[in-house]
Amino acid sequence: MKTFYITTAIDYVNGSPHLGHAYEKVLTDVIARFRRMMGDEVYFLTGTDEHGQKIQQSARARGVAPQAFVDAIAPQFQEMCNRLEISNDDFIRTTEERHKRVVCELLQQLFDKGEIYKAEYQGYYSTRQEQFLQGKGRNEDGSWPEIYGEVTEITESNYFFKLASYQQWLIDHIKANPEFILPRYRAKQVLEFLSEPLNDLCISRPKERLEWGIPLPFDPDFVTYVWFDALTNYYSAVVDKPGVWPASFHVIGKDILVPPHAVYWPIMLHACGIAIPQSILAHGWWSINGAKMSKSTGNFVEPLEFVDTYGVDALRYFLIREMSVGQDSDFSLDQFWVRYNSELANNLGNLVNRTLNMTNRFAASTVPGVGPVGDAETALKAVWEKTHAEVIPLFEEFQFNVGLERIFAFITATNAYIEQRAPWKLGKSTDPADQAILQTSLATMAEALRLGSSLLQAVIPGTVQKIHGVLGYTAGSTWMDELVWGDRLTGKSVEKTCILFPRPDKKV
RNA sequence: GGGCCUUUAGCUCAAUGGUUAGAGCAGGGGACUCAUAAUCCCUUGGUUCCGGGUUCGAAUCCCGGAGGGCCUACCA
């Protein structure tokens with residue numbers, strides 16, 4: 001079986017992680033965990049992008065070496081993964097030897113094949129910003145904006161990759177493989193980009209301008225410029241792991257789909273004779289309180305602070321529940337509280353607690369065996385079968401928001417079942433028939449809770465483990481038979497109480 | 001300028017061209033007490049952005065328009 005290999009974009013370490021970074025990690029993690037539960041062999045990669053001009057500048061501004069600078073920032077991203085309970089198998093940094101070696105190999109190979117050539121490039125250059133300027137950045141009167149300082153027209157030599165010669169191949173591939181770019185409507189955007197002739201891609205910077213990069217193997221006076229450095233991480237991380245490449249999914253933000261991931265990357269690989277990824281999944285962006293996220297205006301969410309305050313699963317749940325994958329979404333504390341209170345705390349959390357309580361009170365803390373089964377049990381089981389059958393395909397299509405809604409409908413049905421059986425009334429009866437139904441109802445609610453929470457495994461893994469734990473249960477590593485209604489809780493002894501999602505006034 | 005996406009209840013979202021457009025939350029009413037003042041039941045709420053067209057039948061397909069977002073041009 002082909003390994004299910006999934007990646008996030010690597011984050012540029014010129015600043016601290018924010019909500020967007022956190023979302024992409026969580027989304028990818030949910031997919032990875034879901035595939036593992038489905039029985040796939042999963043390999044999950046994330047990492048950091050650590051070269052380039054901005055980092056060189058930031059390091060210089062602080063008077064430290066670039067390596068020291070990135071060594072200080074990269075751990076923040078690793079720490080974020082830990083705190084978000086991201087189940088990545090590897091974390092690659094583009095400053096690692098294993099990465100640089102592969103980048104050089106690919107570049108040398110393409111150079112030897114004549115796919116990379118040297119050419120002169122003429123353009124307007126801002127010394128202050130240390131960058132070439134685009135014609136469109138110019139003012140109406142032809143002058144350049146103040147921030148660029150002195151702008152001069154210069155000629156510079158650089159290396160170029162023959163992108164254009166693969167244009168038709170890529171167009172054909174995208175048209176023949178509708179799964180290649182997801183959501184599908186994004187493929188139109190890529191094809192539109194490809195409807196104009198591609199320019200060859202400048203892949204180097206002279207060392208006088210940019211030192212902080214990977215030197216070209218065939219010309220030490222130049223370093224690699226972004227594309228071959230950053231994109232190659234997906235490949236370099238697994239080049240020595242047989243059976244992992246090609247990637248099944250690259251999960252990225254919609255902003256870096258066109259052109260890097262959908263155009264440069266497949267062409268780079270194809271030119272090297274390497275298989276290209278199966279699929280690229282482009283997600284949307286978060287706004288905050290209806291406005292664009294921005295550090296300068298203070299309109300941003302610090303993911304780790306949020307986790308400290310509200311808990312990792314509260315954040316994971318909200319991000320996945322609220323966002324329709326591919327679309328943009330808004331993050332507001334009000335909406336967060338709606339999800340937290342009504343879904344996590346009241347519907348699910350309270351179900352856990354009342355189940356424990358009743359099992360303690362009416363069955364000496366041990367999940368009883370199922371007695372006589374009536375219409376109520378049959379009906380609840382039918383809801384389960386329906387939920388189970390609907391949720392898996394929804395998750396497979398990344399419709400997590402809809403899937404979660406269905407799961408919570410089942411949780412509600414379980415709460416309703418409990419009302420219908422009213423074990424607290426049965427507990428007062430000495431009639432053996434009532435006692436038998438009591439046993440059945442306690443066993444049924446526990447089993448429903450085990451199953452319903454199991455479906456939440458990929459999204460809120462820590463919480464699900466706690467729920468299973470207080471039910472005296474240890475879940476299997478896949479859903480193969482985990483999701484089958486049964487009696488595996490019979491005889492398990494349960495905990496006294498468990499508050500999973502405390503209400504705000506009761507939080508410490 | 002060209003292109004893409006989007007618009008469904010107060011809010012967040014569903015609905016292979018097919019009964020009377022559905023859920024959750026919020027609002028209103030009731031029930032219950034095992035439970036985190038929770039839970040359960042009932043209920044109010046719609047010109048599916050607007051205007052045409054195709055069709056036996058349109059939220060869905062076509063044309064035109066409006067609002068919002070985005071790509072075309074480095075940044076989750």
Side-chain angles (χ1 to χ4, degrees), chain A residues 8-12 14-15 17-25 27-28 49 52-54 131-132 134-137 183 185-193 195-196 225-227 230 251-260 282-287 292-293 303 321-324 326-330 332 334-335 337-339 341-362 394 399 401-402 404-406 408-409 411-427 441-442 445 497-507:
Chain A
T8 70
I10 50 174
D11 299 317
Y12 200 56
N14 198 34
H18 60 237
L19 186 69
H21 296 116
Y23 171 67
E24 186 171 296
K25 301 285 182 289
L27 172 63
T28 310
D49 181 11
Q53 184 169 278
K54 284 181 185 168
Q131 64 177 17
F132 276 91
Q134 302 294 326
K136 292 195 176 168
Y185 61 80
R186 293 273 174 209
K188 292 181 190 169
Q189 215 173 73
V190 179
L191 287 171
E192 197 226 335
F193 180 83
S195 67
E196 297 290 320
Y225 177 66
V226 63
W227 316 117
V251 178
I252 59 167
K254 63 180 185 181
D255 53 305
I256 52 172
L257 177 68
V258 184
H283 66 248
W285 286 19
W286 284 94
S287 59
K292 191 175 175 178
M293 195 185 308
R321 175 65 181 83
E322 199 66 12
M323 179 81 91
S324 181
Q327 312 268 12
D328 291 350
S329 233
D330 188 56
S332 75
D334 285 348
Q335 188 66 8
W337 281 123
V338 166
R339 299 298 183 201
N341 282 328
S342 72
E343 296 176 10
L344 292 177
N346 297 348
N347 208 345
L348 176 62
N350 185 55
L351 171 63
V352 171
N353 209 35
R354 70 197 300 213
T355 298
L356 295 183
N357 246 282
M358 283 186 273
T359 307
N360 281 304
R361 187 187 292 219
F362 304 120
L394 285 167
Q399 296 190 59
N401 57 334
V402 183
L404 286 173
E405 194 183 330
R406 300 291 159 81
F408 273 80
I411 305 285
T412 295
T414 304
N415 275 316
Y417 164 81
I418 293 171
E419 298 297 320
Q420 195 183 341
R421 281 306 192 194
W424 51 91
K425 284 182 187 162
L426 296 168
S441 66
L442 292 171
M445 71 176 81
T497 187
C498 176
I499 302 297
L500 292 169
F501 299 99
R503 297 187 66 86
D505 52 307
K506 296 197 174 171
K507 286 184 83 80

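Quantities reported herein were computed from a predicted structural model and do not represent experimental measurements. Note on naming: letters A, B, ... go to the chains in the order of the sequence lines (proteins, then strands), and numbering restarts at 1 for each one. No hydrogens, no waters, no symmetry mates; every other heavy atom, side chains included, goes into these values.
The side chain of A/Pro259 has B/U72 as its nearest neighbour among B/C34, B/C25, B/U72. Side-chain atoms of A/Lys188 lie closest to B/C4 of the nucleotides B/U36, B/G69, B/C4. Minimum atom distance to the side chain of A/Phe193 is reached by B/U72, of the listed B/C40, B/C32, B/U72.
Across all strands shown, B/U60 forms no Watson-Crick or G-U wobble pair with both distances under 3.5 Å. Using the Watson-Crick or G-U wobble rule with both distances under 3.5 Å, B/A15 pairs with nothing in any strand shown. The pairing partner recorded for B/U48 is none, the criterion being a Watson-Crick or G-U wobble arrangement whose two distances lie under 3.5 angstrom.
Side chains of A/Thr497 and A/Asn357: a donor-acceptor N/O pair is absent below 3.5 angstrom, by distance only.
Side-chain N/O atoms of A/Glu419 and base N/O atoms of B/C34 include a donor-acceptor pair closer than 3.5 Å. In the interface, the side chain of A/Glu192 is paired with the base of B/G2 through a donor and an acceptor atom under 3.5 Å apart.
Remark: C1' of B/C25 and CD of A/Gln335 are 8 Å apart, rounded to the nearest angstrom. Note: CG (A/Asp334) to P (B/G10) measures 18 Å, nearest angstrom. Put simply, CG on A/Leu257 is 15 Å from C1' on B/A73, counting in whole angstrom units. Remark: P of B/A23 and CG of A/Asn347 are 16 Å apart, rounded to the nearest angstrom. Rounded to a whole Å, the CH2 atom of A/Trp337 is 18 Å from the C1' atom of B/C11. Rounded to whole Å, atom C1' of B/A37 lies 8 Å from atom CZ of A/Arg503. Rounded to an integer number of Å, the gap from A/His18 NE2 to B/C75 C1' is 9 Å. For A/Lys425 and B/U33, the NZ to P distance is 6 Å, given to the nearest whole Å.
Phosphate proximity of B/U36 to A/Asn353: present, with a side-chain N or O under 4.0 Å from OP1 or OP2. Between A/Ser329 and B/C13 there is a side-chain N or O to OP1 or OP2 distance below 4.0 Å.
Nearest approach of A/Glu343 to A/Phe408, heavy atoms of both residues: O-CE2, 3.1 Å.
The closest donor-acceptor contact from the side chain of A/Asp328 to the backbone of A/Trp285 lies under 3.5 Å. Formation of a donor-acceptor pair under 3.5 Å by the A/Asn401 side chain with backbone atoms of A/Arg321 is not found in this model.
Comparing B/G45 with B/U6, their P atoms sit 30 Å apart, to the nearest whole Å. Rounded to whole Å, the C1' atom of B/G24 lies 12 Å from the corresponding atom of B/A9. Separation of the P atoms belonging to B/A66 and B/G28 is 41 Å when rounded to the nearest angstrom.
Distance check: A/Thr355 OG1 to A/Leu351 CG gives 4.0 Å after rounding to the nearest 0.5 Å. In this structure, OG1 in A/Thr8 is found 9.5 Å from NE2 in A/His21, a value given to the nearest 0.5 Å.
Place A/Ala409 and A/Ile256 on RNA chain B by their nearest nucleotides, and A/Ala409 ends up nearer the 5' end. Place A/Ala345 and A/Ala416 on RNA chain B by their nearest nucleotides, and A/Ala345 ends up nearer the 5' end.
As judged by a 4.0 angstrom heavy-atom cut-off over every strand, A/Thr355 is placed among residues making no nucleic acid contact. A/Thr8 comes within 4.0 angstrom of no nucleic acid atom, judged by non-hydrogen atoms across all strands.
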